[in-house]
**Student:** 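Just passing along the structure, written as structure tokens.
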Amino acid sequence: GEVGELKISDAPLPKSRNFDVLSEFEKSKSKKTASFVVVGHVDAGKSTMMGRLLLELKVIDQRTVDKLRREAETIGKTSFALAWVLDQRSEERARGVTIDIATNRFETEHTAFTILDAPGHRDFIPNMIAGASQADFAILVVDSSTGAFESGLKGQTKEHSLLIRSMGVSRIIVAVNKLDAVAWSQERFDEIKDQVSGFLSVTGFQQKNIAFVPVSGLQGDNLVRRSTDPAASWYTGPTLVEELENSEPSVRALAKPLRMTISEVYRTMQSPVTIAGRIDAGSVQMGDAVLIQPSSEKAYVKSIQADDAPVDWAVAGQNIVLHLSHIDPIHVKVGDIICDPAKPIPRADTFTMKALAFDFLMPMQVDVHRGRLHAAGRIETITALLDKVSGAVVKKKPRIVKPATVARIVVKLDQLVPLEKGLRVVLRSGGQTVAAGLLE
Ligand code: GDP
């Protein structure tokens, strides 16, 4: 209402200290930061493995693990990560905050990691897309126990790998799990390694960006400490944590204009419009004016929090909380983009993309997912079939696109959405992922 508007516009503007953020960032020898998603078939052992990893790194204690496990059993799901997510949620809910992805942090000697949790259930694919769109790399958990790998491979393991690659994740660590169940068979490990590296390279991962670690998440072997089982002595490579440390975070687009996708919006004591998300490009500092798209409304940055502590500035790659002023909450939604008012992200209701088809594509209704953003639309035109490797036009105006082929398509949306060249989006239809790719 009008009273609200008066209040919004009359407050004094936040003061800027005019940092040269890029040179401040160069000076600050802060720890390397990296974030990753954990993907893989249901029951591959993701939750057990991550729980054990955090336990061994002393991020959580055995009592917490036991408590979460009991809670998980009472809700009829033994998956501990899920319980963990729910646990975080109930805590957040009590504070009036809503989140739909659990973000958890841990530190090793050289790196501060963020786990973007992505439970492997089919219904969680939209969460996985959101997670993967923020991730520097992925851990793919495969179940080495007899038969389980073969059935997993056909289903979610492949779909997940395709998805995360399409979302721009280029490094993948494959945890070949449950090796205790196959007596640490090196033959089994090599067999799985061959098959998985085969389909990962077809999916577009470069061999140098793929690592394999034989582990037992249940027993904690080769996660943080090396396996002491004599049957496992053939493996002398890095542990999972060493592989995590070896993973260079993706190159941060620090010098580009600010882009931050909002993953949560809530009220706090500091501001009725507090937002959380990851800076995809550029930097932000206290006092900055920012533009929210698609509403095209301006706001000011009152304060910034990173890792629960107040900071003066933040750069691409960081997950932060921004307290905004001079903005009505009605203009700010999950999935919106915070950007530089001088170089805002444009809004569009039509776009052309280079799509990798997961299913048959033809003119059809689709939901477009980009991080937190979901918008209804339609494949209008299939412009051309493209060569998977060179991108050259193979056939113009095909009537249909077959799975596992690449095409240039035009998508029309029901509303204006912030979009620009180089963004990665996923197309879904009837609860299935049908395509993913890059905006042209
Ligand atoms: P998620 O669905 O991928 O999160 O899988 P869970 O972590 O819930 O594990 C699924 C099942 O596999 C559970 O019964 C676990 O006890 C079992 N499991 C997980 N990791 C291992 C392992 O390293 N070795 C063996 N033998 N079983 C495991």
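Order of listing sets the numbers, starting from 1, for every ligand and every atom in it.
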**Student:** Mark the output for Q219 as yes if a heavy-atom distance to ligand 1 is under 4.0 Å, and as no if none is.
**Tutor:**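 In this structure, Q219 fails to qualify as a contact of ligand 1 - no heavy atom is under 4.0 Å.
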**Student:** Give a yes/no verdict on a cation-pi contact between K402 and F360, requiring under 6.0 Å between NZ or CZ and the six-membered ring centre and an angle within 45° of the axis.
**Tutor:**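 No cation-pi geometry.
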**Student:** Give the atoms of ligand 1, by number and element, whose distance to some non-hydrogen atom of S216 is under 4.0 Å.
**Tutor:** 23 (O)
**Student:** When you compare ligand 1 with A44, is there at least one nitrogen or oxygen pair between them that comes in under 3.5 angstrom?
**Tutor:** yes
**Student:** List for me each residue that meets ring-ring contact (aromatic ring centres under 6.0 Å, His included) alongside F351, sequence neighbours excluded, and say none if there are none.
**Tutor:**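 Residues passing ring-ring contact (aromatic ring centres under 6.0 Å, His included) with F351: none at all.
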**Student:** Give the numbers and elements of all ligand 1 atoms closer than 4.0 Å to a heavy atom of H41.
**Tutor:** 3 (O)
**Student:** Can you confirm if the NZ or CZ of R165 lies within 45° of the ring axis of F205 and under 6.0 Å from the centre of its six-membered ring?
**Tutor:**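 Because its charged atom sits under 6.0 Å from the ring centre and within 45° of the axis, R165 does stack over F205.
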**Student:** Quick check against the 3.5 Å criterion: does N222 have a side-chain atom that pairs as donor or acceptor with the backbone of L240?
**Tutor:** no
**Student:** Can you confirm, on distance only, whether ligand 1 has an N/O atom lying under 3.5 Å from any N/O atom belonging to T48?
**Tutor:**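 The answer is yes, given that T48 and ligand 1 share an N or O pair closer than 3.5 Å.
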**Student:** Which residues pass the side chain to side chain donor-acceptor pair (under 3.5 Å) test with R378, sequence neighbours left out?
**Tutor:** none
**Student:** Do any nitrogen or oxygen atoms of L218 lie less than 3.5 angstrom from nitrogen or oxygen atoms of ligand 1?
**Tutor:** yes
**Student:** Using a 3.5 Å cut-off on N or O atoms only, is V215 in polar contact with ligand 1?
**Tutor:** no
**Student:** Tell me which one of N177, D143, D43, D180 gets a heavy atom nearest to atom 25 (C) of ligand 1.
**Tutor:**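 Shortest heavy-atom distance from atom 25 (C) of ligand 1: D180.
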**Student:** State the atoms of ligand 1, each with its element, that fall below the 4.0 Å cut-off from a heavy-atom position in G217.
**Tutor:**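 In order of numbering, the contacting atoms are 23 (O).
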**Student:** Any idea how F189 and Y235 line up, ring-wise: parallel (<30°), tilted (30 to 60°), or perpendicular (>60°)?
**Tutor:**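 Perpendicular.
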**Student:** Could you tell me whether D280 and R424 have a side-chain N and a carboxylate O separated by less than 4.0 Å?
**Tutor:** no
